[in-house]
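Below is one structure, written out as structure tokens; the observations come after it.
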Amino acid sequence: MTMPTPRERIIVIGGGIQGCAAACFLAKRGQQVTLIEKDHIGRHASGVNAGGVRRLGRDPCEIPLSLAAMDIWTSLDDEIGGHADAFHPCFYLKVALDEAGHALGLARVDSLRQAGFRHEVWLEDSDIRSRLPHLSGRTFGGILVEGDGWAVPWRIVQGFARAAVRHGATLVEDCRVLDLKRDGEGWQVNSSKGTFAADQVVNCAGAWAAALARRAGEPALPLSPHAPMLAVTDRRPPILPAVMGVLGHTLSLKQLDTGQFVIGGGVRARADLDKNRGEVAIPELASSMRLATTLFADIASTQIIRCWSGIEGYMPDNLPVIGRGRQPGLVHGFGFSAHGFQLGPAVGEALADLVMGRQPRVSLEAFDPRRFESAA
Amino acid sequence: MTAGSHYDLVIIGAGPAGMAAGIEASRGGLRVLILDDQPAPGGQVYRHISQNAVRREAVPYLGGDYWSGQALADAFAASSAELWSESRVWQITGDRQVFLSRHGAAQSVSAGAILIATGAMERPMPVRGWTLPGVMSVGAAQTMLKTAGSGADGAVFAGSGPLFYLTIWQYLQAGFAVRAVIDTAPAKMTLAQYWLALPALLQPGLLLKGLRWRAAIRRKTDYFVQATSVAITGEEQVTGLSFTDAGGKRQTIPAEHLFIHQGVVPNVSLTMASDLAHRWCSRQLCWHPRTDLFGESSVAGIFVAGDGMGIAGAAAAVSSGRLAARRIIARARGIALPMAPVWRLLKWRQAAIRPFLDSLFRPPDEWRVPQDDKAIVCRCEALTKADVAAAIALGVSGPNQLKGYCRAGMGRCQGRMCSLTIQKMIHDHGGQPEDKVGHLRIRPPIRPLTVGELAALANDDANA
Ligand SMILES: Cc1cc2nc3c(=O)[nH]c(=O)nc-3n(C[C@H](O)[C@H](O)[C@H](O)COP(=O)(O)OP(=O)(O)OC[C@H]3O[C@@H](n4cnc5c(N)ncnc54)[C@H](O)[C@@H]3O)c2cc1C
């Protein structure tokens, strides 16, 4: 096999979906990759998220990346083999529960059409009810995306990590990167397990990434950590073959193949980066619970068996940072603002492109780290 | 959200520690609320005591220790402490909000101080067949006896520990036939145990009681000592159990009802879910919340009392409840509580027998991790020892990481029934100390909470 690009030593920091996918694509393309994670693979946002694989409702600048990601999701076994069975495509439906939601939804579908996107379509109440006969009340219509679905997040992340290792990457867990120094043409990466040398570094350190970028000498980036929360119930007979939301609200509701409901969406608790944990404030989930019982009255009697949260980095414009740093040999991919799981596969590929100096599949302009500099 | 009412002290658990603290604190002028998920106060040891007291002649078998709780329950009933029974506390927060479900809806109260007095739970006993219908814990058998006066004739008991002997004795007193008792405690005392027995002599009453129970058991049942390699048999239902007796002979005993027990451990669901610091107690082989002498945890204003801070029994629970209450009163009045050495001595004196008991009834390894690969370890997800071992072998460093490999500990019990086993298995596999391996992360809600109950909290919101 011929190797068009030189084989470089790449260090990827962060064993979430972005870091694991980046490591996977880089290793697959022959780079010498070391993936460093301070805890274990998928310990934070990527392993504990709601697993929503949705194109629905994305910011227009994010749609091309999200569509590119979906291409990879639909042939995921090419990348991660057997772990791909953790993805369950179905459909995503965001319904309107009042006139305001109805107007909001129609306007959204319309504006996407004008921008040339046709994946979000409007459904009338009767069509919604024939798809979801267990719905309790009537809706005011809703937006549908066929083929969106949900995945068991930690299995997907593990799938990418193992694929990376299969392609020759080295995995170092329980290893915290302390700081990064320019060293000649490359980087010296100091960690709790010693020093690593690299030609290029990929910063996928999630909620910790902005602090790490500072340590590498990058300008300050306005990331704030929060801990979105989720609840899972006990098992019930299947009534919901889709992932659901409500227009104008942040609810996300799904029923797993175990029969358990996962309820959450948008409600955040405090994240403590030093203690490495997110809080859980169950009362804050009350309004999500109420929406869930409005959609399906039967859910009221199910028992919540566990609530948890995951630490996630948010940017002020809710768009991720994906791009080259100020300094040579440094690439950033973080700040996914609670919707980066679905994007993961395409982000991994884009990061690999950036590292290797190739043209990414979709424009990354909206995600440029420099976009905050002028504002400051 | 609407703020619930405010109390100076909210106590969770109306057992001996909780009741004693409630009495003391309300005498001290504090506004006290006590929450318990049972219909009546008493906790595990004095369960159903007020109801049983009015028909004392009908239930003489419960014994003097049980009735000694009546004075406490009476004093508690006479105190100004407010009791909410059938209230399930599912979360407390660092700013001392207490969230609970009651009458089908969730609600909250705020507290100047919180005392967690949620007692002990039985150590899970994962042997092959422990999940079969017909197998119950000795604690559950005792609960049936206390609340309904019911029991199973011809049952077999296997295990060891003070509660084990007490319950069998109560069973016999109540007139139930006990087919056999299989005692898994090593009968020969070691030299170290003779030494530990010295301070235990400070509590001769307890020692004598233990000897009396055992004598009665020896007299009235088929009694096997030093049993090892216990295995429960049956396919759909328990049919019996087999074990190796003191002489090394394999024995088989048929049983329709089998009660097993291997001691109790602090119930740390609430203390762990509330993020209090814990330490591994290698003497009792379980986790204890870290507290100061008065029971104050690592989070200021949140106290722990009773068996929930370490197993020490009912009398010590009463003292620790009182002591915590005095500290909370003193703090409310802005004064210091003097004489720490006195409290320390009292505390030691009341638990003098503990090191001896802990050593005598230390669960052997075979009760901590099943010997049989097919034994269920995680009941909620129906995972066997072999399933869990296979996942651990993939290179897991702690119980929380394991969840991502095999779902162990992800069911509705949140690891109450498997965390200690998993921790030991990871320790055995990788060799890191048990306190480093750690416990499964426990997250609220620690008590059943329905989607509808929680949704009700949002309704309050809208009306506020
Ligand atoms: C509760 C919840 C629900 C969500 N639901 C969805 C959803 O339904 N759909 C969706 O698309 N997205 C969802 N998200 C968002 C999604 O999970 C995240 O956007 C995505 O996982 C971010 O991936 P990441 O790799 O950037 O971050 P992470 O998964 O947090 O990975 C970063 C990793 O870097 C490691 N690290 C940090 N600093 C260092 C250091 N110095 N040295 C070594 N390692 C370090 C961390 O330990 C961590 O493992 C949700 C998030 C949460 C928390």
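Residue numbers begin at 1 in each chain, while the letters A, B, ... track the order of the sequences.
For a residue to count as touching a neighbouring chain, one of its non-hydrogen atoms must lie under 4.5 Å from one of that chain's; by this rule A:Ser288 does not touch chain B. Looking at A:Glu284, there are no atoms closer than 4.5 Å to chain B (heavy atoms on both sides), in backbone or side chain. Neither the backbone nor the side chain of A:Ile41 has a heavy atom closer than 4.5 Å to any heavy atom of chain B. Residue contact with chain B, scored on non-hydrogen atoms closer than 4.5 Å, is absent for A:Glu279. Only the side chain of A:Arg43 comes within contact range of chain B, judged by heavy atoms closer than 4.5 Å. Heavy atoms of A:Ala281 lying under 4.5 Å from chain B belong exclusively to its backbone. Contact annotation for A:Asp39: neither backbone nor side-chain heavy atoms come within less than 4.5 Å of a heavy atom of chain B. Neither the backbone nor the side chain of B:Arg447 comes within contact range of chain A, judged by heavy atoms closer than 4.5 Å. Residue B:Gln91 touches chain A through its side chain alone, counting heavy-atom pairs closer than 4.5 Å.
In terms of heavy-atom proximity, A:Pro283 sits nearest to B:Leu454 at CA-CD1, 4.2 Å. Here the shortest heavy-atom pairing between A:Cys307 and B:Pro445 reads SG-CD, 3.7 Å. The two residues A:Ile263 and B:Val451 make their nearest non-hydrogen contact at CD1-CG2, 4.0 Å. The minimum heavy-atom distance between B:Thr450 and A:Ser301, with the atom names listed, is CG2-O, 4.0 Å.
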For A:Arg306 and B:Gln414, what are the C-alpha separation, side-chain angles and deciding distance, and is it a side chain to side chain donor-acceptor pair (under 3.5 Å)?
CA-CA 7 Å; A:Arg306 197 156 30 90; B:Gln414 288 207 52; 5.6 Å; no
Verify side chain to side chain contact (heavy atoms under 4.5 Å, CB included) between B:Arg443 and A:Ser309, making sure each step is shown before the conclusion.
CA-CA 10 Å; B:Arg443 285 285 175 93; A:Ser309 67; 4.0 Å; yes
Pair A:Arg277, B:Asp275 - check salt bridge (charged side-chain N to carboxylate O under 4.0 Å, His left out), show working.
CA-CA 11 Å; A:Arg277 70 185 306 284; B:Asp275 257 348; 2.7 Å; yes
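A salt bridge between A:Arg235 and B:Glu381 is present, with a side-chain N of the basic residue lying under 4.0 Å from a carboxylate O of the acidic one.
The closest side-chain heavy-atom distance from A:Trp308 to B:Arg441 is not below 4.5 Å. Within the 4.5 Å cutoff, the side chain of A:Ile282 has no heavy atoms near those of the B:Phe99 side chain. With contacts defined as side-chain heavy-atom distances shorter than 4.5 Å, the pair A:Gln303/B:Pro448 qualifies.
Once rounded to the nearest 0.5 Å, the distance linking CD1 of A:Ile305 with SG of B:Cys413 reads 9.5 Å. If you take OG1 on A:Thr233 and CG on B:Leu449, they are separated by 11.5 Å, rounding to the nearest 0.5 Å. We find the NE2-OH distance between A:His40 and B:Tyr405 to be 7.5 Å, quoted to the nearest 0.5 Å.
For the side-chain contact (heavy atoms from CB on, under 4.5 Å) test, residues two or more places apart in sequence or in another chain that qualify with A:Ser136 are A:Ala297. Evaluation of the side-chain contact (heavy atoms from CB on, under 4.5 Å) rule for B:Ser85 yields no partner, not counting sequence neighbours.
Remark: A:Lys193 NZ is packed, more than 12 non-hydrogen atoms of other residues, nucleotides or ligands lying under 6.0 Å away.
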